[in-house]
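Please read the structure below before turning to the comments.
Any value given below was found using the heavy atoms of this structure, including those in side chains, with hydrogens, waters and symmetry copies removed.
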Amino acid sequence: MKRFQISAFMAFAFWGLVAVALLTGCNKSDIDDLEDRVAALEKSTSVIGVDFTDSQMVITYSDNQTETLEFEDGLSGLELLNSDGIASIDYNETTKVLTITLTNGNVSEFRIYGDTYAGLVAVLISDVNGKMYISQVNMGAAPIISVEYDEDFNITNLHSKIIREGQILDFLNVAKQYNGGALTGLQVSQYAMERGTSYDSEYMPSIDTIRVDHIGNYFVQNPGDTTYRYYQYSYLSGSNYHYNVYPHAVKRFYPSSGYPGSFYAAQNADTAYQFQIITSQSVTGGYDVWYRVYYTYILENAYEVGDIAYTETFSMECNTSGNPVIVYPDDDYYIQMTYNPMDQVTKGEAYYKDGDTWTKEDEYLTFEYNTDNQLSTVTFHTEESDTVVFKTVYDDNGNPVEIWAWSDEVTYWYDYFDPWNNPEDPWQDGEEVLVEEGLQLMATIEYEYSYKNFFGNTLGALIPVLDKYKLYNAPSKISYAKENIYGSLTYSNFNESGYPETVVANLYGMYGIRKSTSENYSIELGLEYIVR
């Protein structure tokens with residue numbers, strides 16, 4: 001107890017000294033740094049929300065502050081409103097877009113929905129990050145992410161690298177195609193970190209056939225082939241003798257009983273087989289062993305380090321708002337999405353090709369939004385039930401703070417000795433459900449509310465759906481709720497537009513069977529931007 005009191009006193013004294021030093025020990029350099037920081041924060045402030053109540057417009061800023069302005073003249077008179085931090089407010093009656101420009105130069109655009117004066121809704125359609133887009137992320141001197149844009153600032157290519165064994169290696173490439181500004185195609189390529197192959201496999205089942213007589217196991221050579229059609233007696237049913245037929249089988253001789261249960265053999269440059277034992281028989285000097293083709297493997301790609309190991313391509317059709325309506329993961333399958341008048345996806349249905357006919361799956365998804373027009377839940381519908389498979393909880397600024405998703409049940413196998421509670425059967429074993437299947441917390445996000453979200457432009461350009469699932473402030477900590485894993489982010493070296501040029505990511509995780517060993521990493525990233 002005494003030891004704790006001393007430790008507590010020393011901690012109190014230490015933090016007291018730190019407070020005194022902060023309050024009284026600032027020199028000219030400290031003050032200059034503080035002024036630069038304050039100036040950067042002022043430049044980072046932007047408008048993230050607009051609400052209408054009666055004859056007032058309530059503006060919410062990225063630092064969680066609000067301001068109320070009167071607008072008795074309605075939307076047509078908004079350009080007359082201003083305050084110390086607002087340079088202008090404009091409303092375009094044709095496009096129904098409200099534009100707020102702050103004195104620090106940051107611009108926010110809102111789409112106005114609703115026809116009645118009391119029922120107006122403003123939805124943020126521009127990014128809260130002003131006009132800066134990330135062009136490169138560096139780890140030390142190594143560029144690990146490079147981003148290219150077209151003239152409309154749509155991402156056309158994102159290329160990432162990874163450092164392994166002191167070498168900078170290609171990791172991932174995302175290429176996007178557009179037509180008239182609408183996304184029409186997406187290709188994701190994964191680079192190989194080690195030598196390997198990608199392939200397709202097919203199981204080769206046996207065939208049940210019937211004979212009226214029993215002649216034992218026998219075989220017939222396949223015409224024009226080096227394999228045999230092998231018939232293995234199975235069982236008698238009534239007067240029918242059932243045989244397992246293996247369409248392709250081979251016989252191998254071994255001088256001893258140490259023959260393998262299975263083996264692999266290449267047929268040609270693109271095809272290989274796995275052979276599995278059918279039966280064996282003793283012969284003079286050894287054993288004849290029959291094998292059947294168990295699996296057929298078709299080579300898709302063989303790659304070395306740095307080669308493209310995997311590529312997935314999507315094509316899509318968009319509506320007049322630029323939202324993807326039909327997405328084709330492949331030629332025989334597509335996903336169709338339905339949108340509401342506010343350009344929010346409300347339904348997702350899947351179709352598959354059966355011959356020449358497209359057939360709709362019975363299951364489908366619906367998307368629900370809260371009163372602030374933020375995605376709140378996703379529900380999976382079947383003929384038997386409707387199940388919420390995704391849920392988001394937001395803070396007062398509209399940032400997602402909890403992500404919930406459907407998860408299968410978690411079970412474990414137990415095996416222990418307990419003659420005290422179970423003397424008649426002390427060896428206990430079995431399977432037990434730890435967590436029932438259902439909606440489970442997957443991740444939590446914390447924010448630095450004095451900062452806006454610096455990376456929304458880039459993320460929204462890369463993944464358009466994130467444009468409707470915004471982070472309004474800068475994330476400070478992200479935790480994976482199903483494991484002991486989290487990461488914190490700190491921002492520094494703000495440029496003249498209030499954007500950080502350095503981000504430090506501190507990562508923490510537990511590993512091992514009992515999650516008893518921890519690892520900590522601190523990664524400093526340098527950011528480069530382009531200005532729209």
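- Ring centroid separation for the pair Y264 and Y273 does not come in under the 6.0 Å cut-off.
- One side chain, S522 or N506, offers a donor N or O that lies under 3.5 Å from an acceptor on the other.
- Within the 3.5 Å criterion, the main-chain N or O of P324 finds no donor-acceptor partner in the side chain of E317.
- Side chain of D354 to main chain of T357: no donor-acceptor pair is present (N/O by atom type, distance under 3.5 Å, no hydrogens or angles).
- Using a 4.5 Å cut-off on side-chain heavy atoms (C-beta onward), F367 and K347 make no contact.
- Taking each heavy atom of N240 and L236 in turn, the nearest pair found is O-CD1, 3.2 Å.
- Note that NZ of K360 and CG of D362 are 9.0 Å apart. Values are rounded to the nearest 0.5 Å.
- In this structure, the ring of Y486 has its center no less than 6.0 angstrom from the ring center of Y480.
- Between the Y394 side chain and the D372 main chain, no donor and acceptor come within less than 3.5 Å of each other.
- By the neighbour-count criterion of 12 heavy atoms within 6.0 Å, atom CG of D152 is densely surrounded, having more than that number from other residues, nucleotides or ligands.
- Ring pair F380/W406: centre-to-centre distance not below 6.0 Å.
- The closest side-chain heavy-atom distance from M204 to Y294 is not below 4.5 Å.
- Annotation: D356, atom CG; neighbour count of heavy atoms from other residues, nucleotides and ligands within 6.0 Å does not exceed 12.
- Judged by distance alone, the side chains of E368 and T366 do bring a donor and an acceptor atom under 3.5 Å apart.
- In this structure, CD in E300 is found 11.0 Å from OG1 in T311, a value given to the nearest 0.5 Å.
- Formation of a donor-acceptor pair under 3.5 Å by the D150 side chain with backbone atoms of F153 is found in this model.
- With sequence neighbours excluded, no residue forms a ring pair (Phe, Tyr, Trp, His ring centres under 6.0 Å) with W404.
- Contact annotation: the side chain of T502 approaches that of E524 to within less than 4.5 Å [non-hydrogen atoms, C-beta and beyond].
- Remark: the T227 side chain and the N222 side chain contain an N/O donor-acceptor pair separated by less than 3.5 Å.
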- [ ] Given side-chain contact (heavy atoms from CB on, under 4.5 Å), test S234 with Y243 step by step and report yes or no.
- [x] CA-CA 5 Å; S234 181; Y243 281 77; 5.9 Å; no
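- Summarising the geometry of N370 relative to S376, their closest heavy-atom pair is N-OG, 3.9 Å, with the distance given to 0.1 Å.
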Open item on the list: Go through it in stages, so that I can follow the logic: the residues are V378 and V388, the test is side-chain contact (heavy atoms from CB on, under 4.5 Å), and I'd like the CA-CA distance, side-chain angles, deciding distance and then a yes or no.
Closed with: CA-CA 6 Å; V378 178; V388 175; over 6 Å; no
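- A donor-acceptor contact shorter than 3.5 Å is absent between the side chain of T387 and the backbone of V389.
- Between D395 and Y447, some side-chain heavy-atom pair lies under the 4.5 Å cut-off.
- The closest donor-acceptor contact from the side chain of Q344 to the backbone of N373 lies under 3.5 Å.
- For E194, the CD atom is loosely surrounded, since the number of other residues' heavy atoms within 6.0 Å does not exceed 12.
- Of the possible polar contacts, one joining the N399 side chain to the Y472 backbone as a donor-acceptor pair under 3.5 Å is found.
- With a 6.0 Å radius and a threshold of 12 heavy atoms from other residues, nucleotides or ligands, Y414 has its OH atom above the threshold.
- Among Y246, Y291, F263, the single residue meeting the ring-ring contact (aromatic ring centres under 6.0 Å, His included) criterion with F275 is F263.
- For the atom pair CD (Q232) and CZ (R292), the distance works out to 9.5 Å, reported to the nearest 0.5 Å.
- Between the Y369 side chain and the V345 main chain, a donor and an acceptor come within less than 3.5 Å of each other.
- Minimum interatomic distance between P205 and Y203 (heavy atoms only, all atoms of both residues): CD-O, 3.2 Å.
- Counted within 6.0 Å of CZ on R211, heavy atoms from surrounding residues, nucleotides or ligands total more than 12; the atom is thus considered enclosed.
- Taking the ring centre of Y228 as origin, the terminal cationic atom of K251 falls outside the region bounded by 6.0 Å and 45° from the ring axis.
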Open item on the list: Using side-chain contact (heavy atoms from CB on, under 4.5 Å), reason through N157 and V147 one step at a time and then give a plain yes or no.
Closed with: CA-CA 6 Å; N157 198 80; V147 189; over 6 Å; no
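- In this structure, D270 and Y199 have side chains that are not in contact, with every pair of non-hydrogen atoms separated by 4.5 Å or more.
- Ring-plane geometry between Y233 and H214 is classed as tilted, the angle between the planes lying from 30 to 60 degrees on a 0 to 90 degree scale.
- Cation-pi check for R164 over F171 is not met; the charged atom does not lie both under 6.0 angstrom from the ring centroid and within 45 degrees of its normal.
- In the model, N138 has a side-chain atom that pairs as donor or acceptor with a side-chain atom of Q136 under 3.5 Å.
- Two residues are said to be in side-chain contact when any heavy atoms from C-beta on lie closer than 4.5 Å; M316 and L183 meet this criterion.
- For H242 and Y231, the distance between ring centers is not under 6.0 angstrom.
- Side chains of E528 and S135: a donor-acceptor N/O pair is absent below 3.5 angstrom, by distance only.
- Side-chain atoms of Y328 and F314, non-hydrogen and from C-beta on, never get closer than 4.5 Å to each other.
- Between atom SG of residue C318 and atom CD1 of residue I326 there is a gap of 10.0 Å, rounded to the nearest 0.5 Å.
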- [ ] Please test Y334 against W358 for side-chain contact (heavy atoms from CB on, under 4.5 Å), starting from the C-alpha separation and ending with a verdict.
- [x] CA-CA 9 Å; Y334 73 82; W358 286 102; 3.5 Å; yes
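- The closest side-chain donor-acceptor pair between D425 and N422, if any, does not fall under 3.5 angstrom.
- Residues Y333 and Y352 keep their aromatic ring centres 6.0 Å or farther apart.
- In terms of heavy-atom proximity, V289 sits nearest to S280 at CG2-CB, 4.0 Å.
- What you find for D170 and M193 is that their closest heavy atoms are O-CE, 2.8 Å.
- Annotation: the span from S385 atom OG to E363 atom CD amounts to 9.5 Å, rounded to 0.5 Å.
- One N or O on the side chain of T346 and one on the backbone of T338 form a donor-acceptor pair closer than 3.5 Å.
- Note that the CG atom of L169 and the CD1 atom of I144 stand 13.0 Å from one another [nearest 0.5 Å].
- Residues Y310 and N301 fail the side-chain proximity criterion, which asks for heavy atoms closer than 4.5 Å.
- The environment of CZ in F253 is crowded: more than 12 heavy-atom neighbours from other residues, nucleotides or ligands sit within 6.0 Å.
- Between T392 and P400, the shortest heavy-atom distance links the atoms CG2-CB, 3.6 Å.
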- [ ] Go through T313 and Q187 one step at a time and tell me if the side-chain hydrogen bond (donor to acceptor under 3.5 Å, both in side chains) criterion holds.
- [x] CA-CA 4 Å; T313 301; Q187 186 178 76; 3.3 Å; yes
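- For an aromatic pair to be called close, the ring centres must be under 6.0 Å apart, and W290 with F219 satisfies this.
- Under the 3.5 Å distance criterion, the side-chain polar atoms of Y529 are matched with a main-chain donor or acceptor of P500.
- Looking at K482 and S407, their side chains do bring a donor and an acceptor atom within 3.5 Å of each other.
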